[in-house]
Amino acid sequence: MRADLLTDAVDGLDEALAVVDGFDQVLVGGLLRPQPAQAGGLAGLADAVAGSPLAGRVAEAAEKTAAGAADEDHFTALAAARTALLGSVHDALVARVEEAVGRPRGEESAAPAAGAEHPVNLLVAARGWLCDLARAGWQGIDHELVGGAAPVVSAMLPEPALRRLTALLDGFAAELAASCPGATLERIPVRRWADLWSRAMLLTLPGADRATAVTEATGRLLPLGVDLHEHATAVQAQVHAVFEPSEGGTPRLVRASVFAPKPDTVVGAGLWQLLRPHMSLLAAVSEGRAMELDSMPVTAEGDLIWDDARATPGEPAEVFTTARVALPTAVSAPVAPVDRHPARIAVPVLLEGYAVEEEEDGIAFRVAGERLAVDAGRVPAAGPLTAEAVASSAACLGLLRWDAGAFLLQPLAIERTVRKKPVAVHAGAWAGGTADKAGVRAEKAATDAVTVLRERAGRLLRK
C-alpha cells in the first residue's frame, strides 16, 4: 500500500468541508429568521454548487432563506446541495484510497429496482417536522417541537418500505429529546445533527431510497472480519468478506449485515446471543470457514440480503490467507448517491511490515515512513481483540476509514508471534460461540441478564 497517498492533501477537500461547516452553523441558529452573519453560510453553499445542475434551485433557496421566506422545497434544495458536497468529498477520498491500495471499484448499476411506492402523506408529514426543526435551529429545540416526531414515526412503523426513514427519524428525535432544551446546551454536535437532518430530508423525497437492482450470487464467501455497531437499544454486526463467483471472474468485496433490538443491560459478548439466531455466517466467522452461497440476493452496492437457507458451511478459510491471496484482486462495489458520505468509507486492507508507535493519544502504525493512526476505540468489547494485542501485532487486517480530517485504521484482526509461531486474534472470534474463558463468563452474565428481563416482562404481561 502506498501510505504516502493517504497523508497527501486532496485538492479542494478543505474548501468543500469549510462550505459544509458554514452551512451547518446556519442550522445552529435556525432558518426562520437568519441573522446577517448566517447569510454568508447560505451564499457559500450556493456558490459551491454553482457549476452543477443544482445551481438554480440552490441559489434561489439560499436567497429566500436569507430573507426568511423559504418553504419546504427550498430547505430540500439546501439539504441536497449539502449532501452533494459531502458526496464529492466521499468520491475524492475513495479515489485516493483506491490509488493507495491499487483496488478498483466495480461499475455503477445502470438500472434501479422498481421499489414499492411510499405513502406520500407520511413523507410530507416527516418533511414538515424536519422543516420545523430547521426553522427553530438546534439552539431552539424544545420537548414540544421534538415530540412532534412521535406521531409521524408511529404512523410510519407499519410501512416496511419506510423502515429506513422511520429508524432515522426515531433515533434522531430521541437524540434531540435527550438534549432539550437546546438553548442550554454547552456543546452541540453540529456536523452530526446536520448530517442526520439533511439525510432525512432527502429520504422524504419519493424514490430517494429506492433500492438498486438485486442480483443473485452463487459461489464461495470468504469472511474477513466483523464490524460491530452497538446502540443502547439496538445492535448490528456487519461481516466484510470476499465473494468468489462459481462461474469464475473477478472476486468482489461484499458485506452481510444482521440487526437485532436489545435491552441496554446486554453488552459485551452477550450481544452475539441476540444476533446468532439470525445469521449462520457468524458461526463461520468464529470457526474460520468459508460459506457456499446458492442464489443469495445481493445489491449492486455489494450488500448481501442474507438468507440462511441459501448458505451452507464450506471448507476452512484462514482470514489472513484470504487477505493475502484474495483481497488484493477483489473489486469494491460502487456506492449509491444518497449514501456517499465520508463517514461511510470502510475499505478492508491488510498491513504488514509496519512499526508500532504507542503515544499518549493512542496507537499508530508507521507504514513506509508514513504515520497511520489506529482507532482502537472502535474495537468491540465483545471479542478478544484488545489495544494491547494490536500494539504487539506484526500484521493487521482492518477497515481504512476517514475521520476528523485524516485516514485511520479500525482493526478487525491481528497476527502476532507467540513462541515463534504466528497467532491470529480476531475482533469477531466470539461471534458464533467460544470456549474462551473470558468470553464464556461474559456470555453467562448476559444470559442471566436476559433471563431476568424476560421474567419481569412476563410478570408485567400477566398483570
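These figures come from a predicted structure and were not determined experimentally.
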Flag the pair Asp403 and Arg378 as a salt bridge only when some basic side-chain nitrogen lies within less than 4.0 angstrom of an acidic carboxylate oxygen.
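Not counted as a salt bridge, because no side-chain N and carboxylate O are separated by less than 4.0 Å.
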Discussion item. Taking Asp339 first and then Arg199, would you say they form a salt bridge - that is, a charged N and a carboxylate O separated by under 4.0 Å?
Written reply: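 Counted as a salt bridge, because a side-chain N and a carboxylate O are separated by less than 4.0 Å.
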Contacts table for residues 318-325: side-chain donor-acceptor under 3.5 angstrom, sequence neighbours left out:
residue	atom	partner	partner atom	Å
Glu318	OE1	Phe320	N	2.9
Glu318	OE1	Thr321	N	2.7
Glu318	OE1	Thr321	OG1	3.2
Glu318	OE2	Phe320	N	3.3
Thr322	OG1	Glu318	O	3.3
Arg324	NE	Glu352	OE2	3.1
Arg324	NH2	Glu352	OE2	2.8
Arg324	NH2	Glu415	OE1	2.8

Q: Begin with the C-alpha distance, continue with both residues' side-chain angles, and end with the deciding distance and a verdict on side-chain contact (heavy atoms from CB on, under 4.5 Å) for Thr7 and Arg371.
A: CA-CA 8 Å; Thr7 56; Arg371 183 182 184 276; over 6 Å; no
With sequence neighbours excluded, what pairs up with [X] under the side chain to side chain donor-acceptor pair (under 3.5 Å) test?
X	value
Arg344	none
Glu315	none
Gln139	none
Thr312	none

Testing the basics here: between [X] and [Y], what is the closest heavy-atom pair and its distance to 0.1 Å?
X	Y	answer
Ala237	Trp272	CB-CZ3, 4.1 Å
Ala217	Leu293	O-CB, 3.8 Å
Arg96	Ala9	NH2-O, 3.5 Å
Ala333	Gly302	CB-N, 3.7 Å
Leu282	Ala431	O-CB, 3.8 Å
Ala234	Phe259	CB-CE1, 3.3 Å

request  = Please test Thr250 against Thr329 for side-chain contact (heavy atoms from CB on, under 4.5 Å), starting from the C-alpha separation and ending with a verdict.
outcome  = CA-CA 7 Å; Thr250 305; Thr329 60; 5.8 Å; no
Please examine the side chains of [Y] and [X], heavy atoms only from C-beta on, and report whether any two atoms are closer than 4.5 Å.
X	Y	answer
Leu372	Leu351	yes
Val239	Val226	yes
Leu45	Val26	no
Val97	Val349	no
Leu350	Met1	no
Trp193	Glu175	yes
Glu98	Ser332	yes
Val338	Arg164	yes

Could you list all the salt bridge (charged side-chain N to carboxylate O under 4.0 Å, His left out) pairs where at least one residue sits in [range], not counting sequence neighbours?
range	result
residues 269-282	Arg276-Glu443
residues 421-435	none
residues 84-95	Asp91-Arg340

Between atom [atom1] of [X] and atom [atom2] of [Y], what is the distance when rounded to the nearest 0.5 Å?
X	Y	atom1	atom2	value
Met201	Leu78	CE	CG	8.5 Å
Ser257	Trp306	OG	CH2	11.0 Å
Asp132	Leu31	CG	CG	11.5 Å
Leu176	Asp142	CG	CG	11.0 Å
His240	Leu222	NE2	CG	15.0 Å
Leu409	Leu6	CG	CG	10.0 Å

Residues forming a side-chain contact (heavy atoms from CB on, under 4.5 Å) with Ala389, sequence neighbours excluded =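 Scan of Ala389 (side-chain contact (heavy atoms from CB on, under 4.5 Å), adjacent residues dropped) gives Leu385, Thr386, Ile414, Arg416.
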- Contacts of Glu244 that satisfy salt bridge (Lys or Arg N to Asp or Glu O under 4.0 Å) - sequence neighbours left out: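 For Glu244 the salt bridge (Lys or Arg N to Asp or Glu O under 4.0 Å) partners, ignoring immediate neighbours, are Arg220.
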Report task. Keeping to residues at least two apart or across chains, list the ring pair (Phe, Tyr, Trp, His ring centres under 6.0 Å) pairs with something in residues 330-375. Result ->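 Listed by first then second residue: Tyr354-Phe365.
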Just checking Arg163: does its CZ atom have more than 12 heavy atoms from other residues, nucleotides or ligands closer to it than 6.0 angstrom?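 No, the 6.0 Å shell around CZ holds no more than 12 heavy atoms from other groups.
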Practice prompt. Apply side-chain contact (heavy atoms from CB on, under 4.5 Å) to Trp197 and Leu27, showing your working.
Written response: CA-CA 10 Å; Trp197 176 81; Leu27 287 175; 3.9 Å; yes
Item to complete: Applying side chain to side chain contact (heavy atoms under 4.5 Å, CB included) between Ser198 and each of Asp24, Val20, Thr83, report the one that passes.
Response: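 Considering Asp24, Val20, Thr83, a side chain to side chain contact (heavy atoms under 4.5 Å, CB included) with Ser198 is found only for Thr83.
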>> Using the side chain to side chain contact (heavy atoms under 4.5 Å, CB included) definition, which of the options Met296, Arg255, Met291 pairs with Leu304?
In response: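 When Met296, Arg255, Met291 are each tested with Leu304, the side chain to side chain contact (heavy atoms under 4.5 Å, CB included) holds only for Met296.
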For side-chain contact (heavy atoms from CB on, under 4.5 Å), just list the numbers for Leu275 and Leu228, CA-CA rounded to whole Å, side-chain angles, deciding distance to a tenth of an Å, and then say yes or no. CA-CA 11 Å; Leu275 298 170; Leu228 193 66; 4.0 Å; yes
By the side-chain hydrogen bond (donor to acceptor under 3.5 Å, both in side chains) test, which pairs, at least two apart or in different chains, include something from residues 12-22?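 For residues 12-22, and leaving out neighbouring residues, the side-chain hydrogen bond (donor to acceptor under 3.5 Å, both in side chains) pairs sorted by first residue read Asp21-Arg191.
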